[in-house]
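Since the structure comes first, as structure tokens, the remarks are kept for the end.
Proteins come first, then strands; the chains are lettered A, B, ... in the order of their sequence lines, and each starts at number 1. As the structure is a computational prediction, the values presented were derived from the model and not from experiment.
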2 protein chains.
Amino acid sequence: MSEPAKRPLTLRDVSEASGVSQMTVSRVLRNRGDVSENTRLRVLAAAKALGYVPNKIAGALASNRVNLIAVIIPSLSNMVFPEVLNGINDLLDDTGLQPVVGVTDYLAEKEERVLYEMLSWRPSGIIVAGLEHSDASRAMLKGAGIPVVEIMDTDGKPIDAMVGISHRRAGQEMAQAILRSGYRRVGFMGTKMAHDHRARKRFEGFTQALAREGVEIEDRAFYSGGSALVKGREMTREMLERSPDLDFFYYSNDMIGAGGLLYLLEQGIDVPGQVGLAGFNGLDLLQGLPRQLATMDACRREIGQRAAQIITARLADPPQEIESQVTLAPVISYGQTLKRR
Amino acid sequence: MSEPAKRPLTLRDVSEASGVSQMTVSRVLRNRGDVSENTRLRVLAAAKALGYVPNKIAGALASNRVNLIAVIIPSLSNMVFPEVLNGINDLLDDTGLQPVVGVTDYLAEKEERVLYEMLSWRPSGIIVAGLEHSDASRAMLKGAGIPVVEIMDTDGKPIDAMVGISHRRAGQEMAQAILRSGYRRVGFMGTKMAHDHRARKRFEGFTQALAREGVEIEDRAFYSGGSALVKGREMTREMLERSPDLDFFYYSNDMIGAGGLLYLLEQGIDVPGQVGLAGFNGLDLLQGLPRQLATMDACRREIGQRAAQIITARLADPPQEIESQVTLAPVISYGQTLKRR
DNA sequence: CTGAAAGCGCTAACAA
DNA sequence: TTGTTAGCGCTTTCAG
């Protein structure tokens, strides 16, 4: 339980302490191959007494097996991604596979670096957010020779497997719901989306579906940084001053939508009578607001789970057959800010 | 840029492709030792052309150096921890060190497993949330022979380094502020805190400081799971019905506090006149609420940064001297739900 | 059921 | 500036 611990302990130390060959110790510690109960106990006792912790680096090199799954996401501040991670964690928890997370900050260049770094640990699989990658990243992904699951988005062609929703479609459906409800003068607010392809696709789908009915977005605003709730308030106030005739605000995420909702209610504006609202993501948070914001579930947790499932299926021996291009169907939640027709 | 890639490429492949010894290739790829510009370029070209990705497993085994920092936290759903991670990421970004995250779900037993798993990768340092660990975990931490930084909490004796705030103190100070403002009939709401030692310590500090002035908590409620905002609403409604005489609600986190705030405002209750409110954490979110909730900053990002700083300082060659028991001083933000006296 | 030998892909240390 | 040699700590493979 307590030693000087200068040089980390090796299998050899356990071998000597237990009077059993290093190989047998290895077998015991991995539950591999037949070992007599007697020696098994001797070895376990010795390992525990010494406080031995195996060296996976050496193990991985020798066995050419690494129990790591690389997970590459754009951000940790976004609420959305920790939930995806939770889904992945969930499913991986009993499989002996360990997720390792890398963050790209929505930068293709950083994605490249993170990917390179991760691949150099020779993980058994990769889960990466989005379908858009630099040529170099794409080449690495293709060349890695391991299962690759691109998640969140299905508007495009995956390198290997993919799990997500169609953001273009999500935008379209929301536009249709809005028009069906009779709103016509629509404003849009969202993040600056130079690098957020999913937000961009939702926006495109949204405007296209409006256009099909001869409707055009009348005002728009973009933000970056700061508290989303506050930004939602501010942008909504400004837009309302600028374009007082708008009868609908579509927000690219629930958090700014919530800010807008709070602001409008404070102003005594009739929601959804005078102005309708909708966000995106289906955050838990919305349940607790004074009025439930219309939104669309992004299936975050399920995406994580399905992605992990695909990886484990592929890695199973023999590999399990499994659907590897999964488009989840998010459902509009009308809440109380979008009239239902 | 494109090969069959069945067997992953090795240094040898690059060596052969460039006509330079494997050792020199290794040197080039690590920017180590003097290499003529000429061969440097040749090697780089070859590596790139082949799409070579180094094998860190082998590198780590040979050099006995691993650029990983283990980070062990209780949860990813809590908002709080991703922010700490951001702080760590921030500071580690240019150091060549890579955080690897493990999640314990507030379970000592899982902490033990995760820790064992992580240590078996022989990381260069560990950052772990909290000061409470099982004996086995403590033994591993001590025996690992690497810098260990315990974060978030400083009410206790660290194994090695520590960065955080005193949650006991935080509870006390909030109690004092509440009493100073003239509130006397206090209710408490929080998570079930069997395993959340920091919440427990805040609670203890809080009740003690009240007791010193002869005040006792009059009602309390605990929750687990579900949307915190909704729970905050519900618990507040129930408590108010049960104990209509209360003049203050202290919430163990901002999210349930926000729920309570929204509920009370909807009920037309005068905040902070009739009832005062305070939460804990200093979430960004609060800025956007109809009224700013009193809270106390938990210094999440800074904790992450300082912890990472300690690790990098210790790992520097030669090791830099650096303060390794850091107690940050969170400041009360009175907001608009706690009268200022 | 147990052990001995070889080697995973890389880097430290030395030699040229 | 470049190359050679010997492992790092483990597991695979094969032999007992």
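- B:E323 pairs by the salt bridge (Lys or Arg N to Asp or Glu O under 4.0 Å) definition with nothing, not counting sequence neighbours.
- When the side-chain hydrogen bond (donor to acceptor under 3.5 Å, both in side chains) test is applied to A:R30, the partners found at least two apart in sequence or on another chain are A:S26.
- Partners of A:D160 by salt bridge (Lys or Arg N to Asp or Glu O under 4.0 Å), not counting sequence neighbours, listed by chain and number: A:R314.
- Among residue pairs with one or both ends in residues 124-134 of chain B, those qualifying as side chain to side chain donor-acceptor pair (under 3.5 Å) are B:E111-B:H133, B:E112-B:S134, B:E132-B:K201, B:H133-B:E150, B:S134-B:S137; sequence neighbours excluded.
- The residues B:R113 and B:E117 are annotated as not salt-bridged, no charged nitrogen and carboxylate oxygen being separated by less than 4.0 angstrom.
- Applying the side chain to side chain donor-acceptor pair (under 3.5 Å) definition to pairs two or more places apart or across chains, those involving residues 72-87 of chain B are A:S77-B:N86, A:N86-B:S77, B:N78-B:Y106, B:E83-B:R300.
- Listed by chain and number, the residues in a salt bridge (Lys or Arg N to Asp or Glu O under 4.0 Å) with A:D13 are A:R7 (sequence neighbours excluded).
- Residues passing the salt bridge (Lys or Arg N to Asp or Glu O under 4.0 Å) test with B:E37 are B:R40, sequence neighbours excluded.
- Using a 4.0 Å cut-off on heavy atoms, the residues of residues 27-45 of chain A that approach DNA chain D are A:R30, listed by number.
- Protein chain B touches strand DNA chain D; the 5'-most and 3'-most nucleotides with an atom under 4.0 angstrom of its non-hydrogen atoms are D:dT1 to D:dG9.
- For A:N38, the side-chain contact (heavy atoms from CB on, under 4.5 Å) partners at least two apart in sequence or on another chain are A:S36, A:R42.
- Between B:S26 and C:dT11 there is a side-chain polar atom (N or O) within less than 4.0 angstrom of OP1 or OP2.
- Rounded to 10 degrees, the angle separating the terminal axes of the helix from C:dC1-D:dG16 to C:dA16-D:dT1 is 30°, with each axis obtained from five end pairs.
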Kindly give the atom pairs (protein nitrogen or oxygen, nucleotide nitrogen or oxygen) under 3.5 Å for nucleotides 5-9 of chain C.
residue, atom, partner, partner atom, Å
C:dC8, O2, A:L61, O, 3.4
C:dC8, O2, A:A62, N, 3.2
C:dG9, N2, B:A58, O, 3.3

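- Once rounded to the nearest 0.5 Å, the distance linking CD1 of B:I88 with CZ of B:R301 reads 11.0 Å.
- Taking 4.5 Å as the limit, some side-chain heavy atom of B:I126 sits within range of a side-chain heavy atom of B:L115.
- A distance of 5.0 Å separates CD1 of B:I69 from CD1 of B:I311, quoted to the nearest 0.5 Å.
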